[in-house]
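All remarks here apply to the structure that follows.
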Amino acid sequence: MILIYSIESILLTGAWIGCFIAIFFIPRKKLDKAALIFLTTQFFTWILGLIVVQYGWLEYPVREFSKANATSFLFEFLILPIISIFFILNYPIHKTLEVRILYFFTIISVFTLIEFLIERNTMIIKYHSWKWYWTWISMSLVIYMVMVIYRWFYKQKRIFSI
Amino acid sequence: MTIERFIMVSVFAISIASIFYIPKEKYRLALVSFFMFQAFTWPAIILLVELGKIEFPVREFPRATQVGFTTNYLFYPMIFVWFILMFPIKASLFKKFLHYFIFVSFSVWFINFTAVFTALENPLAGTLFSQTVRTYITFFIYYFISRVFILWFSKRSNLS
C-alpha cells in the first residue's frame with residue numbers, strides 16, 4: 001500500500017476518536033439508560049448488518065477486522081448505538097407531534113445524507129442493489145424499535161407513539 | 001441432516017424455548033443480561049478469528065462473516081441469562097464460586113465438544129488443553145465483568 005493516509009483511513013480513525021469522545025458527553029446521571037440503549041441497538045444491528053452483507057445488497061470494501069468480518073464493525077457496534085443514545089435521551093417527548101416528527105425526520109435524513117456522500121466519494125461503503133432510502137427506512141426502524149424497548153423497560157406511557 | 005446443522009437448529013430452539021421459562025417479573029433483568037453478554041461475545045470472537053486463533057468452517061452467514069453466529073448471538077448469552085437468574089445471592093462464597101464454575105464449564109465443554117466432534121468450530125492454535133484453559137479464563141472474566149455491570153445496572157435502574 002503506497003498511499004497510507006487515504007481518505008478512508010482518515011475518516012475511519014476520525015470516527016473511532018469521535019465515538020470515544022462522544023461517550024464522555026453522555027450525562028453521568030443517565031449512564032445506565034445510555035448503556036441499555038447501546039446494548040439494545042447492537043442486538044439489532046449485528047444481525048441486520050450480517051443479513052444485508054450476506055445477500056450482497058451492499059459491501060464495505062475498507063473496514064476493520066477485514067479478515068474475520070465483512071460487515072462494518074465500527075458502524076454497527078459504535079456509531080449507530082452512540083447516535084441512538086443521543087437520539088433517544090434527547091427525544092422531545094413532551095413536545096407536539098409536529099416537533100417530534102420533524103426531529104425524527106431531520107436527524108435520520110442528515111445521517112442518510114452523510115452515508116450517501118461517503119458511498120459516492122470513498123470506498124468505505126458501496127451500494128449494490130441498496131438505495132439511499134433503504135438506509136433511511138432501516139435506520140428509522142432500528143431506532144424506533146430501540147425506543148419502544150427503552151420505553152417498555154422504564155415503564156413509560158404510550159410506548160408505541162412516535 | 002448433518003451433525004453441524006442439527007446442533008445449530010437445536011441450539012437455536014433451546015435458546016428460544018428457554019425464554020418461556022423466565023418468570024415474568026424477571027423479563028427486564030433477563031433482557032439486559034442477554035444484551036450485555038452479546039456485547040462481549042461479538043467483539044471477542046471477531047478478534048479471535050481475526051488473530052487466527054479459531055475458525056468456523058460451517059457457519060450461518062458464510063459470505064458476511066467468518067464467525068459462527070447462533071452460538072455467539074443466542075446460545076452463550078442465554079446461558080448467561082440463566083446464570084444471572086439462578087445466581088445464589090445470599091449463599092456463601094464457595095457456593096457462588098461453584099455457581100460460576102458450573103455455568104462457565106457448560107459453555108466451555110460445549111465449545112470443546114463442537115471443536116472435537118464437528119466442523120462448527122476449529123481451534124487453530126495450541127492444544128486442546130491450552131484451548132480449554134484459555135476459554136475457562138476468558139469466560140470467567142466475561143461472566144465476572146458482566147455480573148458486575150448487571151449489579152450496577154440493577155441498582156441504578158431499580159431492577160428487582
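Computed from heavy atoms alone, side chains included, the values below leave out hydrogens, waters and symmetry copies. Note that the structure is a prediction, hence the values are computed from the model and not measured. By convention in this document, chain letters (A, B, ...) are assigned in the order of the sequence lines, proteins followed by strands, and residues within each chain are numbered from 1.
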* To do: Taking the side chain as every heavy atom from C-beta outward, state whether Y150(A) and T40(A) have any atom pair closer than 4.5 Å.
  =>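 No. Closest side-chain heavy atoms not under 4.5 Å.
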Residue [X] versus chain B: region with a heavy atom under 4.5 Å:
{"X": "L31(A)", "value": "both"}
{"X": "E64(A)", "value": "neither"}
{"X": "F73(A)", "value": "side chain"}

* With Y143(B) as reference, evaluate F106(B), F103(B), F80(B) under the ring pair (Phe, Tyr, Trp, His ring centres under 6.0 Å) test and give the passing residue. =>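 Going through F106(B), F103(B), F80(B) one by one, the ring pair (Phe, Tyr, Trp, His ring centres under 6.0 Å) with Y143(B) is satisfied by F80(B) alone.
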Flag, side chain of [X] to backbone of [Y], donor-acceptor distance under 3.5 Å:
{"X": "E115(A)", "Y": "T135(A)", "value": "no"}
{"X": "R151(A)", "Y": "Q156(A)", "value": "no"}
{"X": "Y60(A)", "Y": "S66(A)", "value": "no"}
{"X": "R100(A)", "Y": "K95(A)", "value": "yes"}
{"X": "Y100(B)", "Y": "F83(B)", "value": "no"}

* **Within the 6.0 Å centroid threshold, strictly below: F35(B) and W46(A)** =>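 No.
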* Asked: Between K33(A), K29(A), Q42(A), E59(A), which shows the greatest number of heavy-atom pairs under 4.5 Å with chain B?
  ->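 The option with the most such pairs is Q42(A).
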If I compare all heavy atoms of [X] with all of [Y], which pair ends up nearest, and what's the gap?
{"X": "R63(B)", "Y": "Q54(A)", "result": "N-OE1, 3.0 Å"}
{"X": "Y73(B)", "Y": "F34(B)", "result": "O-CZ, 3.5 Å"}
{"X": "I84(B)", "Y": "R147(B)", "result": "CD1-CG, 3.9 Å"}
{"X": "P57(B)", "Y": "E55(B)", "result": "CD-O, 3.5 Å"}

* Residues of residues 109-134 of chain B contacting chain A, heavy-atom criterion under 4.5 Å, by residue number ->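 From residues 109-134 of chain B, none sit under 4.5 Å of chain A.
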* **Residues in residues 36-47 of chain B near chain A [non-hydrogen atoms, under 4.5 Å]** =>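 Checking residues 36-47 of chain B against chain A gives M36(B), Q38(B), A39(B), T41(B), W42(B), P43(B), I46(B), L47(B).
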* To do: Examine whether an atom of L48(B) lies under 4.5 Å from a heavy atom of chain A, and if so say whether it belongs to the side chain, the backbone or both; otherwise answer neither.
  =>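 Contact with chain A: none, neither part.
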* Asked: Given that the side chain runs from C-beta out, which part of F56(B) has a heavy atom under 4.5 Å from chain A: side chain, backbone, both or neither?
  ->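 Contact with chain A: none, neither part.
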